[in-house]
Amino acid sequence: MPDDQGTRTPKHWLVKTEPDVYSIDDLKRDRVTGWDGVRNYQARNFMRDDMKRGDLVLIYHSNAKPPGVAGVGEVAKESYPDPTAFDRSDSHYDPKSDPENPRWMQVDIRFKRKLKRLIPLDELRDVPALAKMPLLQRGQRLSVQPVTKAQFERILTMSDNK
DNA sequence: GCCAACGTTGGC
DNA sequence: GCCAACGTTGGC
């Protein structure tokens, strides 16, 4: 039986953003934002096929000092074409993405909350229960990735219990 | 700023 | 379909 006939259990995700470009504070200010600019097929497929309204999302700051999980959002709108791919003036412009047959898709993410403190990457690495997170696998660079409910909740605990 | 690890592109 | 060259990611 399909698990999403109105009773689908929310899934959990982690998305990366460079805070110099777009931070958790920017998301807090905007309340909802289109998660545009993703130009990796595997990440796109997660957004296009698997991210559903109400899914919970860890917001991860990459290329930061330190890098780490900064907050929580939720999927506010499911997959639709990424308009930046059609915009010649945008740094993510892709001439191969045709509005008639869009190559790149995005979801909208709504701000839920900042963590009480940023959980640095180093600290995540120290937790055995998180060892299998895609984020912690050597060399991986996926900017949209699934996490398990247990991993998600564990990270929230790390923030809230100190 | 460096560079290792990836992903994509395009010639063949 | 191979694979070298190139571009990007992202921690350090």
>> With each end axis built from five pairs of C1' atoms, what bend angle do you get for the helix from B:dG1-C:dC12 to B:dC12-C:dG1? Round to 10°.
In response: 10°

> Is any side-chain N of the basic residue among A:Asp94 and A:Arg88 closer than 4.0 Å to the acidic one's carboxylate O?
Replying inline: no

> Taking atom P of C:dG10 as reference, at what distance in whole Å does atom CG of A:Leu121 sit?
Replying inline: 11 Å

> side-chain hydrogen bond (donor to acceptor under 3.5 Å, both in side chains) between A:Trp35 and A:Asp108: does it pass, once the steps are laid out?
Replying inline: CA-CA 6 Å; A:Trp35 211 255; A:Asp108 283 355; over 6 Å; no

> Got a donor-acceptor contact below 3.5 angstrom from the A:Arg117 side chain to the A:Met158 backbone?
Replying inline: yes

> How close or far is atom C1' of C:dG11 from atom CD of A:Glu123, stated in whole angstroms?
Replying inline: 17 Å

> Could you give the CD-to-P distance, from A:Glu18 to C:dG10, as a whole number of Å?
Replying inline: 7 Å

>> Applying a 4.0 Å non-hydrogen cut-off, can you work out what A:Arg138 is touching in the nucleic acid: base, sugar-phosphate, or nothing?
In response: sugar-phosphate

> Starting at CZ of A:Arg39 and ending at C1' of B:dC6, how long is that distance when rounded to a whole Å?
Replying inline: 18 Å

> Does A:Lys16 put a side-chain nitrogen or oxygen below 4.0 Å from OP1 or OP2 of C:dG10?
Replying inline: yes

> For the side chain of A:Arg103, counting heavy atoms from C-beta on, which of C:dG11, C:dG10, B:dT9 is nearest?
Replying inline: B:dT9

>> In whole Å, I'd like the distance from the CD atom of A:Gln145 to the P atom of B:dC6.
In response: 14 Å

> Between C:dG11 and A:Tyr60, is there an OP1 or OP2 to side-chain N/O distance shorter than 4.0 Å?
Replying inline: yes

> Would you say the side chain of A:Lys132 lies within less than 4.5 Å of the side chain of A:Gln151, judging by non-hydrogen atoms?
Replying inline: yes

> Closest nucleotide of DNA chain B for A:Gly139 versus for A:Lys96: which of these residues is on the 5' side?
Replying inline: A:Gly139

> Do A:Arg141 side-chain and C:dT8 base share a donor-acceptor contact under 3.5 Å?
Replying inline: yes

> So, the side chain of A:Asn45 versus the backbone of A:Gln42: is there a donor-acceptor pair under 3.5 Å, distance only?
Replying inline: no

>> Nearest whole Å is fine: how far is B:dT9 C1' from A:Tyr41 OH?
In response: 10 Å

>> Determine whether a donor-acceptor pair (N or O, by modelled atom type, separation under 3.5 Å) exists between the side chain of A:Glu78 and the backbone of A:Arg53.
In response: yes

>> Around atom CZ of A:Arg29, are there more than 12 heavy atoms from other residues, nucleotides or ligands closer than 6.0 Å?
In response: yes

> How close or far is atom C1' of C:dT9 from atom CG of A:Leu14, stated in whole angstroms?
Replying inline: 15 Å

>> Expressed as a whole number of angstroms, how long is the span from A:Leu142:CG to B:dT8:C1'?
In response: 15 Å

